[in-house]
Amino acid sequence: MITMRVTSMALVLISVLLLVCGNAESWLKVGFYDEKCPQAESIIKSKVKKAFKKNKGLVASIVRMEFHDCFVRGCDGSILIDSTANNTAEKDSVINNPSLRGFNVIYRAKAKLESVCKGIVSCADIIAFAARDSIEITGGPAYEVPAGRRDGRVSLASETLTNLPAPTFNLNNLTKNFAAKGLTQDEMVTLSGAHTIGRSHCTSFNNRLYNFSTTVKQDPTLNRKYAAILKKECPNVTDKPNLVVPMDPTTPAVFDINYYANLFKNEGLFTSDQTLLSKAATAKAVKKNVAHPSHWEKKFAAAMIKMGNIGVLTGTKGEIRADCRKINP
Ligand code: HEM
Ligand SMILES: *[C@@H]1O[C@H](CO)[C@@H](O)[C@H](O)[C@H]1NC(C)=O
Ligand SMILES: *[C@@H]1O[C@H](CO)[C@@H](O)[C@H](O)[C@H]1NC(C)=O
Ligand SMILES: *[C@@H]1O[C@H](CO)[C@@H](O)[C@H](O)[C@H]1NC(C)=O
Ligand SMILES: *[C@@H]1O[C@H](CO)[C@@H](O)[C@H](O)[C@H]1NC(C)=O
């Protein structure tokens with residue numbers, strides 16, 4: 001009896017150890033800065049709050065920033081690096097410039113962090129924390145962010161379009177793109193729900209209104225009434241590249257399931273949104289998210305944590321950048 005209990009306890013211990021050590025994801029840990037810079041997370045949160053107070057829409061872009069950071073060279077803060085005379089950086093790729101905003105929120109948090117705990121908090125971690133805070137402040141799930149990422153020393157615009165999905169992608173394209181980053185189709189569906197906040201440039205979906213295919217000008221999977229509204233907001237002109245529309249017009253600044261509900265009205269903004277209903281398995285997941293918002297929120301938080309582990313530099317790899325805009329000299 002006793003020996004049995006001891007063996008089963010040993011087994012439990014071994015499996016816990018295996019889980020902790022054998023899992024690549026365990027390199028990052030919650031509370032990473034608790035000793036070296038205990039104020040880190042609260043400083044970042046206060047910068048996000050301040051930005052939100054000024055502009056309710058801006059924080060959406062910080063959620064997108066984490067996605068664009070992680071899918072290109074892993075979550076290494078490479079999205080934050082400025083271009084130089086010799087190098088066009090990720091942030092200046094057409095996929096990020098001018099649409100990606102919120103850089104200053106990260107740069108300001110970094111400046112404050114350097115003044116209180118110099119050389120400790122990575123730029124990659126700042127994005128991960130700030131993305132979490134942005135989700136929470138817009139009404140999404142709160143979750144703990146495993147940290148300990150270090151910053152990369154390379155940022156190439158040429159790597160963005162080959163790694164990030166396009167709004168014209170179909171389900172197949174999206175599934176492959178996420179699989180290449182170790183994310184499942186279901187996690188892709190879950191993370192697409194981030195399009196419940198923020199806005200898009202007309203240029204990102206204009207083709208669905210005016211130039212869809214060789215046979216039809218307007219995408220037949222786009223609700224005709226919604227298309228008419230979009231056409232007013234996005235006229236068929238090339239001289240107004242700055243026009244934007246909300247991604248979820250029902251509740252544009254609230255992190256909720258309306259993005260998924262819109263799909264059932266054929267009101268997904270991008271092909272890559274509406275395509276989630278094109279196959280039974282993904283349509284079922286979308287339906288479940290609408291019916292069980294808190295279930296989706298849990299899955300969303302878990303998927304963000306998983307995305308936050310893509311290609312991370314830990315230990316002695318990479319560096320802690322002193323200025324998020326520049327690699328250390
Ligand atoms: C599934 C494939 C995805 C595609 C094709 C895609 C594409 C896009 C595009 C084209 C925009 C509009 C940019 C603009 O024109 O201003 C956008 C915005 C946005 N995306 Fe995605 N995205 C995808 C997945 C994600 C994921 C995984 C996240 C985060 C978890 C995300 C978060 C956002 C947010 C929050 C915005 C609004 C940004 C703002 O208001 O500035 N997206 N996305
Ligand atoms: C940029 O390239 C030029 C010419 O190839 C070189 O002289 C210069 O040192 C480079 N600058 C940086 C910052 O790498
Ligand atoms: C997207 O999928 C279509 C067919 O499903 C394929 O022809 C096309 O090459 C794919 N595009 C990309 C970028 O993967
Ligand atoms: C939109 O404009 C383009 C170029 O100006 C033109 O070729 C196209 O036919 C227009 N589409 C519609 C639906 O008016
Ligand atoms: C319309 O789409 C075709 C490809 O389907 C593209 O070659 C053409 O440049 C587009 N025209 C406009 C005005 O965007």
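In listed order, ligands and their atoms are each counted from 1. All values below come from the heavy atoms of this structure, side chains included, with hydrogens, waters and symmetry mates left out.
- Between R73 and D76, no side-chain nitrogen of the basic residue sits less than 4.0 Å from a carboxylate oxygen of the acidic one, so the salt-bridge criterion is not met.
- Residues K45 and E136 are paired through a salt bridge, judged by an N-O separation under 4.0 Å between the basic side chain and the carboxylate.
- Proximity of R108 to K50: side-chain heavy atoms (C-beta onward) are nowhere separated by under 4.5 Å.
- W296 and Y260 have perpendicular rings, their planes meeting at more than 60° on a 0 to 90° scale where under 30° would count as parallel.
- Residue-level proximity to ligand 1 for F270 is carried by the side chain, the only part with a heavy atom below 4.0 angstrom.
- Distance screen at 4.0 Å: atom 1 (C) of ligand 4 has a protein heavy-atom neighbour inside the cut-off.
- Protein N/O/S atoms closer to atom 21 (Fe) of ligand 1 than 2.8 Å number 1 in this structure.
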Would you please test K299 and D186 for side-chain contact (heavy atoms from CB on, under 4.5 Å) and show each step? CA-CA 9 Å; K299 282 173 66 163; D186 193 58; 2.7 Å; yes

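- At a heavy-atom distance under 4.0 Å, only side-chain atoms of L174, from C-beta outward, approach ligand 1.
- Of the protein's non-hydrogen atoms, the one nearest atom 35 (C) of ligand 1 is A60 O, 3.1 Å.
- With hydrogens left out, the protein atom closest to atom 16 (O) of ligand 1 is H201 ND1, 2.7 Å, a heavy atom.
- Among protein heavy atoms, atom 3 (C) of ligand 1 sits closest to P165 CG, 3.7 Å.
- Using a distance-only test at 3.5 Å, with no hydrogens or angles considered, no donor-acceptor pair links the side chain of S200 to the main chain of V245.
- In this structure, the side chain of S42 engages the main chain of Q39 through a donor-acceptor pair within 3.5 Å.
- For atom 41 (O) of ligand 1, the nearest non-hydrogen atom of the protein is R101 NH2, 3.0 Å.
- Of all atoms in ligand 1, numbered sequentially from 1 with element shown, those under 4.0 Å from a heavy atom of I197 are 35 (C), 37 (C).
- Per-residue contacts place S99 under 4.0 angstrom from the following atoms of ligand 1 (heavy atoms of the residue considered): 14 (C), 16 (O).
- In terms of protein heavy-atom proximity, atom 5 (O) of ligand 5 is nearest to N211 ND2, 4.8 Å.
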In sequence, state the C-alpha distance, the side-chain angles, and the governing distance for D323 and K110, and then conclude on side-chain contact (heavy atoms from CB on, under 4.5 Å). CA-CA 7 Å; D323 175 346; K110 176 65 175 180; over 6 Å; no

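- For atom 7 (O) of ligand 5, the nearest protein heavy atom is 4.0 Å or more away.
- Aromatic ring orientation, F67 versus F71: perpendicular (interplanar angle above 60°, classes split at 30° and 60°).
- Protein heavy atoms come within 4.0 Å of atom 14 (O) of ligand 5.
- The side chain of S272, and not its backbone, has at least one atom closer than 4.0 Å to an atom of ligand 1 (non-hydrogen atoms only; side chain from C-beta on).
- Cation-pi contact between K91 and F103: present, with separation from the ring centre below 6.0 Å and deviation from the ring axis of at most 45°.
- Of the protein's non-hydrogen atoms, the one nearest atom 5 (C) of ligand 1 is A166 O, 3.3 Å.
- When all heavy atoms of N262 and P249 are compared, the pair lying nearest together is ND2-CD, 4.2 Å.
- Regarding atom 9 (O) of ligand 4, its nearest protein heavy-atom neighbour is K217 NZ, 3.1 Å.
- Between the side chain of N258 and the backbone N or O of A261, no donor-acceptor pair lies under 3.5 Å.
- In the candidate list L209, N236, T238, N236 is nearest to atom 12 (C) of ligand 4, counting heavy atoms.
- Using a cut-off of 4.0 Å between Lys/Arg side-chain N and Asp/Glu carboxylate O, K47 and D133 are scored as not salt-bridged.
- Under a 4.0 Å heavy-atom criterion, F178 is in contact with ligand 1.
- Looking at atom 15 (O) of ligand 1, its nearest protein heavy atom turns out to be S204 OG, 2.6 Å.
- A cation-pi geometry, defined here as NZ or CZ lying under 6.0 Å from the six-membered ring centre and within 45° of its normal, holds between K56 and F52.
- I257 and V254 fall into different hydrophobic clusters, where Ile, Leu, Val, Met, Phe, Trp and Tyr residues are linked whenever their side-chain heavy atoms come under 4.5 Å apart, directly or through other members.
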